[in-house]
Protein chains: 2
Amino acid sequence: MNLPPLCEAFVLHFGEMGSRWGVNRTVGQIYAVLFIAETALCADDLVDRLGISRSNVSMGLKELQSWNLVRQRPVAGDRRDFFTTPDDIYSIVRTLVNERKKREIDPTLSMLRELLMQTPANAQEQHAQARLKDMHELIELLTAWYADIEKLETDRLIQLLSLGSKVAKILEVKDRIFALPGGKGRQPLSSTPNRG
Amino acid sequence: MNLPPLCEAFVLHFGEMGSRWGVNRTVGQIYAVLFIAETALCADDLVDRLGISRSNVSMGLKELQSWNLVRQRPVAGDRRDFFTTPDDIYSIVRTLVNERKKREIDPTLSMLRELLMQTPANAQEQHAQARLKDMHELIELLTAWYADIEKLETDRLIQLLSLGSKVAKILEVKDRIFALPGGKGRQPLSSTPNRG
DNA sequence: CTCAGTTTTCAGACATTCCTGAAAATAGAG
DNA sequence: CTCTATTTTCAGGAATGTCTGAAAACTGAG
């Protein structure tokens with residue numbers, strides 16, 4: 001690996017993490033190198049810095065492009081393709097979350113929708129469906145929340161994140177004002193009784 | 001696989017998703033079966049329903065326990081171990097997020113902290129460190145937010161999620177009130193200039 | 001068109017992960 | 001303690017995933 005020590009440490013770590021993130025080691029390393037690079041790099045730069053084969057770089061870049069995590073950027077007077085990661089780290093995280101949602105959440109959501117439309121054949125299936133319904137409602141709630149938040153501009157997002165649970169204080173106050181004597185709170189989401 | 005069609009469809013899907021979630025197919029399937037089961041199941045129930053080897057079930061359960069995703073529950077008059085998933089789906093999601101954070105975020109956070117304390121040897125390393133600093137700040141912001149939110153009780157959490165970006169409206173109003181003539185908004189987080 | 005520079009594809013070598021059956025370890029009953 | 005039911009470990013075969021070099025495909029210049 002042809003990189004100064006600090007860079008190499010980062011790249012190696014990202015490579016290892018890659019496997020926990022649904023991409024292989026090489027793909028993680030390629031991303032890491034691009035992320036810390038001062039300028040856009042071409043495939044051969046990556047071959048040189050990582051000491052891996054040209055074809056491996058090609059496949060890695062293809063995968064990163066399918067994740068929208070790297071951008072191809074033309075360089076005047078050079079026929080080769082050059083690649084960068086976006087400068088804005090917030091946009092990177094947005095992309096990452098969107099792509100993971102697409103791969104990890106959306107397929108499950110449509111599977112759940114499909115199975116919830118079916119008629120259960122017996123008590124076992126009926127109970128299963130009740131559980132799926134809980135799961136479906138929760139995922140819907142989370143994805144609706146994210147779809148809403150995702151539209152915020154970065155500045156507002158930072159403000160909101162910095163507030164943390166302080167925003168919940170507002171709700172507490174609201175609840176205290178509107179609470180009816182003897183009124184019940186919202187019930188937790190569950191169609192299933194506790195299992196003995 | 002010894003399950004009614006609807007259950008089987010769910011279990012197969014969860015198995016496939018498992019690989020995108022950092023566990024293998026079998027572990028995903030075991031979890032799915034436990035999730036929709038009406039009662040706690042013992043290892044042999046899983047062998048029967050999934051048609052996999054006893055030892056594979058043992059390893060899978062061990063992994064799920066290391067994720068805190070299944071609970072061992074004694075059954076009176078039976079020496080065997082029985083397993084369930086929690087009934088409360090919110091607690092399941094909390095556990096899942098906590099465990100993924102532990103595996104996917106925390107190691108990166110400490111790696112970044114370590115590398116940010118080092119002295120860069122040259123311009124390349126200096127630029128790399130600036131990028132790492134951006135990444136570190138963002139991850140700190142997100143994890144601090146999550147640590148804060150995670151403490152909320154389920155009811156409040158649901159309220160907050162349902163509000164979505166409406167909470168941001170409050171900030172907008174606040175900003176409008178306190179805005180000074182000619183005053184600038186918060187700057188986006190970046191220690192790096194744009195790359196040409 | 002031809003040609004050189006560049007990227008992509010892909011068969012198969014190599015590496016890793018997964019799964020099983022057999023054997024060992026564990027735990028409770030008697 | 002012994003005996004039996006149960007769980008865990010683990011070597012190695014099966015299945016997947018990764019990486020490479022060679023060849024094919026593409027692309028723009030001349």
Side-chain angles (χ1 to χ4, degrees), chain A residues 1-2 11-12 14-34 39-67 70-84 103, chain B residues 1-2 11-12 14-34 39-67 70-84 103:
Chain A
M1 203 170 281
N2 194 2
V11 168
L12 286 174
F14 240 68
E16 290 316 308
M17 285 325 254
S19 30
R20 301 189 187 182
W21 282 72
V23 299
N24 68 37
R25 193 161 41 87
T26 322
V27 172
Q29 290 181 354
I30 292 174
Y31 185 80
V33 169
L34 290 175
T39 63
L41 302 180
C42 71
D44 285 320
D45 293 332
L46 291 162
V47 169
D48 175 50
R49 292 179 198 206
L50 291 173
I52 59 179
S53 76
R54 183 53 233 274
S55 48
N56 203 359
V57 168
S58 179
M59 290 188 298
L61 286 169
K62 220 181 127 196
E63 170 138 24
L64 286 171
Q65 282 178 296
S66 85
W67 280 77
V70 305
R71 286 177 192 166
Q72 205 162 333
R73 155 195 296 262
V75 164
D78 200 321
R79 273 170 57 187
R80 293 171 298 176
D81 295 331
F82 286 77
F83 299 89
T84 56
R103 281 151 222 252
Chain B
M1 202 170 283
N2 194 4
V11 169
L12 286 173
F14 238 69
E16 291 315 308
M17 286 325 253
S19 31
R20 300 190 188 181
W21 281 70
V23 298
N24 68 39
R25 193 162 40 85
T26 320
V27 172
Q29 291 181 353
I30 292 173
Y31 186 80
V33 168
L34 290 176
T39 62
L41 302 180
C42 72
D44 285 320
D45 294 332
L46 292 162
V47 169
D48 175 52
R49 292 180 199 204
L50 292 172
I52 59 179
S53 74
R54 183 51 234 273
S55 49
N56 203 0
V57 168
S58 178
M59 289 188 298
L61 286 170
K62 219 181 125 195
E63 171 139 22
L64 286 171
Q65 282 178 297
S66 85
W67 280 78
V70 305
R71 287 177 191 167
Q72 205 163 332
R73 157 195 294 265
V75 165
D78 200 322
R79 275 170 56 186
R80 292 172 298 177
D81 295 332
F82 286 77
F83 299 89
T84 55
R103 281 151 222 255

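Order of the sequence lines sets the chain letters (A, B, ...), proteins ahead of strands, with each chain counted from 1. Source: prediction; values computed, not measured.
The interatomic distance linking A:Arg25 (CZ) with C:dA15 (P) rounds to 11 Å, in whole Å. Rounded to whole Å, the distance from CG on A:Leu61 to C1' on C:dT8 is 12 Å. Put simply, CG on B:Asp78 is 13 Å from P on C:dG28, counting in whole angstrom units. Nucleotide C:dC14 holds its P atom 16 Å from the CG atom of A:Asn56, rounded to whole Å. One interatomic measurement links the two molecules: CG of A:Leu46 to P of C:dT8, which rounds to 13 Å at whole-angstrom precision. Rounded to whole Å, the distance from NZ on A:Lys62 to P on C:dT7 is 15 Å. When rounded to the nearest whole Å, the span between CZ of A:Phe82 and P of C:dG5 equals 15 Å. In this structure, the CE atom of A:Met59 is 13 Å from the C1' atom of C:dG12, given to the nearest Å.
In this model, the phosphate group of C:dC19 is approached by a side-chain N or O of B:Asn24 to a distance below 4.0 Å at OP1 or OP2. The phosphate of C:dA27 (OP1 or OP2) has no side-chain N or O of B:Arg79 nearer than 4.0 angstrom. Put simply, A:Arg80 has a side-chain N or O that comes within less than 4.0 Å of OP1 or OP2 on C:dT6.
Here the options are B:Leu12, B:Val33, B:Asp48, the test is side-chain contact (heavy atoms from CB on, under 4.5 Å), and the partner is B:Met1; only B:Leu12 passes.
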Chi angles and distances behind the side-chain contact (heavy atoms from CB on, under 4.5 Å) call for B:Leu41, B:Arg49: CA-CA 10 Å; B:Leu41 302 180; B:Arg49 292 180 199 204; 3.6 Å; yes
side-chain contact (heavy atoms from CB on, under 4.5 Å) between A:Leu64 and A:Val23, worked out: CA-CA 9 Å; A:Leu64 286 171; A:Val23 299; 5.7 Å; no
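Residue-level contact check: B:Asp44 touches neither bases nor backbone, having no heavy atom under 4.0 Å from any strand. Using a 4.0 Å heavy-atom distance criterion, B:Arg54 is classed as a base contact.
Residues B:Asp44 and B:Leu46 fail the side-chain proximity criterion, which asks for heavy atoms closer than 4.5 Å. Proximity of B:Val27 to B:Trp67: side-chain heavy atoms (C-beta onward) are nowhere separated by under 4.5 Å.
Expressed to the nearest 0.5 Å, how far CG of A:Asp45 lies from CZ of A:Arg80 amounts to 6.5 Å. Of the inter-residue distances, the one linking A:Gln72 atom CD with A:Thr84 atom OG1 reads 10.0 Å to the nearest 0.5 angstrom.
Using a 4.0 Å cutoff to heavy atoms of chain A, the contacted part of DNA chain D runs 5' to 3' from D:dT18 to D:dT27.
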